[in-house]
Amino acid sequence: MNDRERRASKYLPFDSLKGLKERIEQEDKQKIIDELPILSEDERLEMNYMLFDCYSRNRAITISYVENGRSNSYSGVIKKIDVLNKQIIFLPKKKFPMESIYKIVIK
């Protein structure tokens with residue numbers, strides 16, 4: 001190692017607190033889960049009404065849902081509402097559990 005490389009190595013980053021980076025990432029994921037809205041029974045009923053209305057009229061909607069602790073959105077037309085398995089199936093064969101959906105926007 002020459003003199004220049006030795007001086008440059010002083011400024012290289014290192015993980016002085018082992019596991020801190022992983023802990024911060026874990027807390028960020030937890031914050032995302034904690035910040036999602038909890039729907040009341042009235043909001044849930046209104047959302048179900050909107051889903052069945054859009055399904056019967058064959059209208060496109062955008063849903064916001066939670067998957068692996070992250071909030072995502074999906075737009076499309078509802079192909080089927082599976083009441084027994086509590087799923088919404090969009091064209092082409094994209095399934096979402098009803099419990100993961102927290103917002104619906106009609107296009």
Problem - Minimal non-hydrogen separation, Leu51 against Ile88, with atom names - result: CD1-CD1, 3.3 Å
Handout entry: Exceeds 12 heavy-atom contacts within 6.0 angstrom, atom CD of Glu99
Key = yes
Problem - Atom of Gln87, atom of Lys95 and distance for their closest heavy-atom approach - result: OE1-CD, 3.5 Å
Exercise for the section: Decide whether Val77 and Met98 are clustered together by the hydrophobic rule: side chain heavy atoms of Ile, Leu, Val, Met, Phe, Trp, Tyr closer than 4.5 Å, transitively. Expected result: no
Exercise for the section: Might you point out which heavy atoms bring Leu39 and Ile101 nearest each other, and give the distance in Å? Expected result: CD1-O, 4.1 Å
Practice task
Under the side chain to side chain contact (heavy atoms under 4.5 Å, CB included) rule, what do Ile78 and Ile61 come out as? Steps first, then yes or no, please.
Solution key: CA-CA 8 Å; Ile78 300 172; Ile61 62 170; 3.7 Å; yes
Problem - Donor-acceptor side-chain pairing of Tyr102 and Ser71 below 3.5 angstrom - result: yes
Practice task
Please tell me if the side chains of Ile89 and Lys94 come closer than 4.5 Å, counting only heavy atoms from C-beta onward.
Solution key: no
Problem - Met50 to Ile104 - nearest heavy-atom pair and separation - result: CE-O, 3.7 Å
Exercise for the section: Give a yes or no answer on whether the side chain of Glu43 reaches the backbone of Ser40 with a donor-acceptor pair at less than 3.5 Å. Expected result: yes
Problem - Tyr74 and Phe96 aromatic ring geometry - parallel, tilted or perpendicular at 30°/60° bounds - result: tilted
Practice task
Supply the atom-to-atom distance Ile106 CD1 to Arg57 CZ, rounded to the nearest 0.5 angstrom.
Solution key: 8.5 Å
Exercise for the section: Would you kindly confirm whether Tyr49 and Tyr55 end up in one hydrophobic cluster when ILVMFWY residues are joined by side chain heavy atoms under 4.5 Å apart? Expected result: no
Practice task
Decide yes or no for Val83 and Phe52: does some side-chain heavy atom of the first lie under 4.5 Å from some side-chain heavy atom of the second?
Solution key: yes
Problem - Trace of the side chain to side chain contact (heavy atoms under 4.5 Å, CB included) decision for Glu41 with Leu45 - result: CA-CA 6 Å; Glu41 187 64 29; Leu45 288 172; 4.2 Å; yes
Exercise for the section: Begin with the C-alpha distance, continue with both residues' side-chain angles, and end with the deciding distance and a verdict on side chain to side chain contact (heavy atoms under 4.5 Å, CB included) for Lys103 and Ile63. Expected result: CA-CA 6 Å; Lys103 184 179 176 184; Ile63 60 168; over 6 Å; no
Problem - Lys/Arg-Asp/Glu bridge criterion (N-O < 4.0 Å) met for Asp82, Lys86 - result: no
